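Dropping the structure in here first, questions after.
Computed from a predicted model, the values in this text were never measured in an experiment. Chain naming here is simple, since letters A, B, ... match the order of the sequence lines and numbering starts at 1 in each.
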Amino acid sequence: MVTYILKRIVTLFLVFLGLAILIFVIARIVPGDPARIALGPLASAQQVEEMRQEMGLNDPFFIQLWNYLTGLAQGDLGKSLLTSRPVIDDILGALPATFELVLFTIFLQITLSIPLGVLAAVYRDSWVDNLTRIISLIGVVTPGFVLAIILQLLASYQFSFFPVTGRIDPGLNFDADITRLILIDSLIKGRSDVFVDAFSHIFLPSIALAAAGIGQVMRITRSAMIEVSRFDFIEASRAYGIPERIVTFAYMLRIASVAPLTILGLEFASLIGNAFVVEFVFSWPGIASYGVRTILQKDLNAVIGVVLVSGVFFVFANLFIDILLGIIDPRHRLREGGSK
Amino acid sequence: MNHPLGTNISGEDDMGQHRSLTSSQMAWFRFRSNPSSIIGAFIVFSVIFVAIFAPLIAPSPQSAGSFVDFMNRHSPPSRDFWFGTDNVGRDIFTRVVFGYRVSLGLVVGVLGFAVPFGVFLGLLAGYFGNWTEFVIMRFTDIMLAIPPLAMALAITAVLSPNLINAMIAITMLWWTWHTRLIYRIVKAQMNEDYVEAARVAGASHFHIMFRELLPNCISAISVKISLDAGFVILFGAALSFLGLGVQPPTPDLGTMVSTGSEYLPEYWWEALMPGLAILYAILGFNLLGDGLRDMMDVEV
């Protein structure tokens with residue numbers, strides 16, 4: 001298990017290095033002078049030249065790349081042109097909000113889709129199965145931002161309990177300084193009013209974000225459960241008189257959860273992508289809102305930082321899933337390179 | 001393949017003994033007996049039809065451009081304006097019809113480049129193996145580790161936001177899925193006898209890759225393309241929604257949702273109608289893709 005995890009971490013490091021180089025190259029080969037973009041069309045040629053010097057753009061390409069990578073190793077992503085603060089500070093400031101949204105979304109996906117998938121498999125071809133089939137289709141084909149807008153409409157007409165913008169009511173005066181996740185910190189500090197408010201804020205964006213994954217994971221869980229139910233040892237367990245509940249949830253679900261977990265890991269990339277759109281719709285103060293703002297301002301350092309951080313997010317999520325799969329299904333550890 | 005004596009020599013296919021239908025008839029039968037694929041095919045057909053004949057179908061073709069009609073701004077859906085009108089009084093139905101043109105153009109542009117490129121790399125990696133495989137597949141892995149929308153955002157941002165750059169950004173990410181798919185198929189096919197036979201018969205690498213292996217990938221590719229088309233539309237719409245894709249006054253569905261969302265909730269149709277139009281197209285391509293997948297019995 002330890003060698004397996006170490007192997008995965010080495011792969012992760014290589015992927016991360018490749019990602020960093022790739023993003024840097026893309027950012028440098030695109031037409032347009034970053035210094036000119038930063039200063040705007042009105043700056044004089046001399047100002048642009050000074051800016052180029054300051055940004056290190058006059059150095060040879062490989063020196064630039066080396067400086068960038070060593071900076072990166074020290075957690076330095078350069079300075080944002082938009083906020084004129086270090087990009088890393090901006091991103092770390094916005095990250096907890098995104099992290100909370102993504103964690104809550106995954107929580108919703110797992111708690112809703114796996115039980116529903118099991119139900120659909122147990123009551124196969126009944127109305128339950130058909131209902132989950134329709135829910136999953138709707139989830140998969142509805143773009144995140146369209147669903148977000150539909151939810152906002154419903155919230156403003158029908159369910160006024162759910163606010164349609166922001167992360168928390170600013171009047172509540174709450175400082176999430178322990179884990180930086182409001183839902184968890186409010187529980188630690190025993191502030192139930194804050195928890196309810198934060199929950200009402202996070203609920204709609206997470207539903208909009210979770211829908212696509214819920215649909216897919218539900219169907220995958222269903223087919224995996226049906227496949228597992230045909231295995232001999234399941235029949236044998238039943239024949240021994242082991243209660244159906246235990247057979248279903250302890251024996252079958254363990255093996256059947258491999259496929260949905262793999263999908264959840266892969267789905268994570270589109271989750272981060274969709275977070276950009278959903279955060280935008282709900283004015284969620286996360287990394288995506290920061291990303292979109294800096295992109296529109298052509299703030300290159302910040303854009304590179306945001307893409308890099310979302311890549312790291314994704315790679316770590318997959319590492320986590322790989323380790324989890326290694327624990328659930330020992331065969332997974334033997335397959336070279338895991339799920340990649 | 002039947003033995004001269006009429007018995008099935010493969011010994012695996014015992015369904016084939018009463019074969020009175022050709023395999024394409026069987027496939028069509030399987031496709032037809034699944035109502036959701038018929039619905040999918042109908043939706044896809046209607047979207048393509050509407051996009052091609054947009055100027056003939058649209059009730060007020062001038063609404064597709066930067067036309068203004070302040071008399072009718074923000075009018076709700078009615079008999080004159082099926083989907084209502086937007087903030088400058090343009091007919092939303094007309095703009096949706098023309099918006100499908102933009103969306104389908106994006107699909108053709110992206111898949112037209114990404115699919116051949118991805119398939120070619122997948123064939124190379126699967127066929128040659130060794131370091132070719134290592135370089136191509138590790139590079140693909142890295143590309144796949146980038147959240148696609150985030151990357152597309154970054155690319156359209158450093159280039160200036162417009163339809164062509166959005167297309168370039170999506171294409172740059174899309175080929176990876178085809179490379180992976182084809183790589184997996186080719187890798188599995190490499191152990192088949194027919195590949196060995198071709199090699200022994202002295203066929204060139206080119207012949208084996210494109211004449212022997214590629215035809216075995218075609219059904220998987222076509223299913224993937226149908227499923228892809230919906231997601232390319234979704235992607236393009238999401239980019240435009242964030243203001244990084246198609247720019248006004250070109251009628252694009254994502255841009256329309258974005259503009260319309262400024263007038264929520266009073267003028268709900270301005271965001272909702274184009275949004276549902278996107279959903280309709282994606283639904284169609286998805287149902288069709290699922291139907292084709294069941295029909296051709298391939299994994300994608």
Exercise. For chain B, which residues from residues 129-137 of chain A have at least one heavy atom closer than 4.5 Å to it?
Worked result: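 The stretch touches chain B at A/L137.
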
Problem set entry | Structural part of B/M137 lying under 4.5 Å from a heavy atom of chain A |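 B/M137 has no heavy atom closer than 4.5 Å to chain A.
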
For this session: Check whether B/L283 gets within reach of chain A through its side chain, its backbone, both or neither, counting any heavy atom under 4.5 Å.
Result: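 Contact with chain A is through both the backbone and side chain of B/L283.
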
Problem set entry | Proximal component of B/L279, with respect to chain A [non-hydrogen, under 4.5 Å] |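 Contact with chain A: backbone and side chain both.
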
Exercise. Checking B/F231 against chain A: side chain, backbone, both or neither under 4.5 Å from a heavy atom?
Worked result: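 Side chain of B/F231 only, per the 4.5 Å heavy-atom cut-off to chain A.
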
Exercise. Side chains of B/S261 and A/V281: does their closest heavy-atom pair fall under 4.5 Å?
Worked result: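 Contact flag for B/S261/A/V281 side chains = no.
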
Exercise. Is it the side chain or the backbone of B/I233 that comes within 4.5 Å of chain A heavy atoms, both, or neither?
Worked result: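 Neither part; nothing is under 4.5 Å.
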
Exercise. At a heavy-atom separation under 4.5 Å, does B/F285 approach chain A through its side chain, its backbone, both, or neither?
Worked result: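 For B/F285, neither part sits under 4.5 Å from chain A.
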
Problem set entry | Smallest separation among heavy atoms of A/L153 and B/W268, with atom names |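 Heavy atoms of A/L153 and B/W268 come nearest at CD2-CB, 3.7 Å.
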
For this session: Kindly check if the number of other-residue, nucleotide or ligand heavy atoms within 6.0 Å of OH (B/Y280) is above 12?
Result: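 Yes - once you tally the heavy atoms of other residues, nucleotides and ligands closer than 6.0 Å, there are more than 12.
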
Exercise. Non-hydrogen atoms of chain B under 4.5 Å away: do they reach the side chain of A/F145, the backbone, both or neither?
Worked result: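 Contact with chain B: side chain only.
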
Problem set entry | Over 12 foreign heavy atoms within 6.0 Å of OH, B/Y263 |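 Result for OH/B/Y263: enclosed.
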
Exercise. Rounded to the nearest 0.5 Å, how far does CG of B/L234 lie from CG of A/N274?
Worked result: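 Separation between the atoms: 7.0 Å.
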
Exercise. Would you say B/F42 has more than 12 foreign heavy atoms packed within less than 6.0 Å of its CZ?
Worked result: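 For B/F42, atom CZ is not crowded (no more than 12 foreign heavy atoms under 6.0 Å).
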
Problem set entry | Separation of A/F280 CZ from B/L242 CG (nearest 0.5 Å) |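 If we round to the nearest 0.5 Å, B/L242:CG and A/F280:CZ are 5.5 Å apart.
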
For this session: Look at atom CD of B/Q247 and say whether more than 12 heavy atoms of other residues, nucleotides or ligands are closer to it than 6.0 Å.
Result: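 For B/Q247, atom CD is crowded (more than 12 foreign heavy atoms under 6.0 Å).
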
Exercise. By a 4.5 Å heavy-atom criterion (distance strictly below it), what part of A/V141 contacts chain B: side chain, backbone, both, or neither?
Worked result: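 Contact with chain B involves both backbone and side-chain atoms of A/V141.
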
Exercise. Which bit of B/A281 is near chain A, if near means a heavy-atom gap under 4.5 Å: side chain, backbone, both or neither?
Worked result: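 Neither part.
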
For this session: Might you point out which heavy atoms bring B/F241 and A/I149 nearest each other, and give the distance in Å?
Result: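 Where B/F241 meets A/I149 most closely, the heavy atoms are CE1-CD1, 4.1 Å.
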
